[in-house]
Amino acid sequence: AQSVTQLGSHVSVSEGALVLLRCNYSSSVPPYLFWYVQYPNQGLQLLLKYTSAATLVKGINGFEAEFKKSETSFHLTKPSAHMSDAAEYFCAVTESGQAGTALIFGKGTTLSVSS
Amino acid sequence: NAGVMQNPRHLVRRRGQEARLRCSPVKGHSHVYWYRQLPEEGLKFMVYLQKENIIDESGMPKERFSAEFPKEGPSILRIQQVVRGDSAAYFCASSGQARDEQFFGPGTRLTVL
């Protein structure tokens, strides 16, 4: 069965600093991988997705993630944090490695940005 | 270009009552997914529906919970005889034919008194 582990339930950075949110997955088949962001009392917004094309995926708001099969990782990065990036971030993988199946989510990482 | 709509946004029920949560997918999307977010937990898959069919209900509790996605109208998640443990945020997502991306609604926050 697929699973997702997000290392660090809470990450704090200063404005302008590098953001690194870690995600490792367990999958017996080539996965579809996603990063979502959730602001308080709102739904989830897709930041980016990996669907077996380029291993370096660029998303919205300056975020990007690199798929590393050898490390089973899909870490999310942003070169320079902004106050508006403070939110909860979820890494997800499709249940069966196929498009359209249920998403398996990590427990989430709360990002705090200080001025 | 409306996204996924969910209503109500907030729902308060007393123990034993029924809760009905509605989800209108993105226009043209025929795949709907329901997820539940419990306090201090991540999102958990509940059910996946296509028009008039339940495709995968492996995440649905065996009792009191049901879902439908009729040919016309929104998808509905129904919880009968609610208990306090049902208090959570319930999110609906939809996808189009390619099914390579799920678009999420704003959620319904259910509180059971």
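Quick caveat: nothing in here was measured; it's all calculated off a predicted structure. Heavy atoms only: backbone and side chains are in, while hydrogens, waters and symmetry mates are out. In the text below, chain A, chain B and the rest are named by the order of the sequence lines, each starting its count at 1.
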Undergrad: Side chain from CB out, backbone as N, CA, C, O: work out which of these in A:L103 comes under 4.5 Å of a heavy atom of chain B, or both, or neither.
TA: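 Its backbone and side chain both get close to chain B.
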Undergrad: Determine, for B:R13 against B:D86, whether the closest basic-nitrogen to carboxylate-oxygen distance falls under 4.0 angstrom.
TA: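 Not counted as a salt bridge, because no side-chain N and carboxylate O are separated by less than 4.0 Å.
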Undergrad: Evaluate whether atom CZ of A:R22 has more than 12 neighbouring non-hydrogen atoms of other residues, nucleotides or ligands under 6.0 angstrom away.
TA: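 At most 12 heavy atoms, drawn from other residues, nucleotides or ligands, come within 6.0 Å of this atom.
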Undergrad: Return yes when atom CZ of B:R15 has more than 12 non-hydrogen atoms of other residues, nucleotides or ligands closer than 6.0 Å, and no otherwise.
TA: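 Not more than 12 within 6.0 Å, no.
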Undergrad: Under 4.5 Å, heavy atom to heavy atom: which of residues 104-112 of chain A reach chain B? Give them by number, or say none.
TA: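 Residues of residues 104-112 of chain A touching chain B at under 4.5 Å: A:F105, A:G106, A:K107.
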Undergrad: Name the region of A:Q6, side chain, backbone, both or neither, that has any atom closer than 4.5 Å to a heavy atom of chain B.
TA: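 Contact with chain B involves no heavy atom of A:Q6 at all.
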Undergrad: Mind checking what makes side chain to side chain contact (heavy atoms under 4.5 Å, CB included) contact with A:H82, not counting sequence neighbours?
TA: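 Partners of A:H82 under the side chain to side chain contact (heavy atoms under 4.5 Å, CB included) test: A:E15, A:K78, A:S84, A:D85.
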Undergrad: Counting heavy atoms not belonging to B:Q81, are there more than 12 under 6.0 Å from its CD?
TA: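 No.
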Undergrad: With a 4.5 angstrom heavy-atom cut-off, could you sort out which part of B:Q6 is near chain A: side chain, backbone, both or neither?
TA: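 For B:Q6, neither part sits under 4.5 Å from chain A.
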Undergrad: Can you tell me which residue among A:L46, A:L76, A:L44, A:V57 is in a side-chain contact (heavy atoms from CB on, under 4.5 Å) with A:W35?
TA: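 Looking at A:L46, A:L76, A:L44, A:V57, the match for A:W35 under the side-chain contact (heavy atoms from CB on, under 4.5 Å) is A:L76.
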Undergrad: I need the residue from B:Q37, B:H31, B:M46 with the largest number of non-hydrogen atom pairs under 4.5 Å to chain A.
TA: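 Max contact count across the listed options: B:Q37.
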Undergrad: A:F67 vs A:Y50 aromatic rings, parallel, tilted or perpendicular, using cut-offs 30° and 60°?
TA: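 Aromatic pair A:F67/A:Y50 classed parallel.
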Undergrad: Do B:F91 and A:Y36 have ring centroids that are under 6.0 Å from one another?
TA: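 No.
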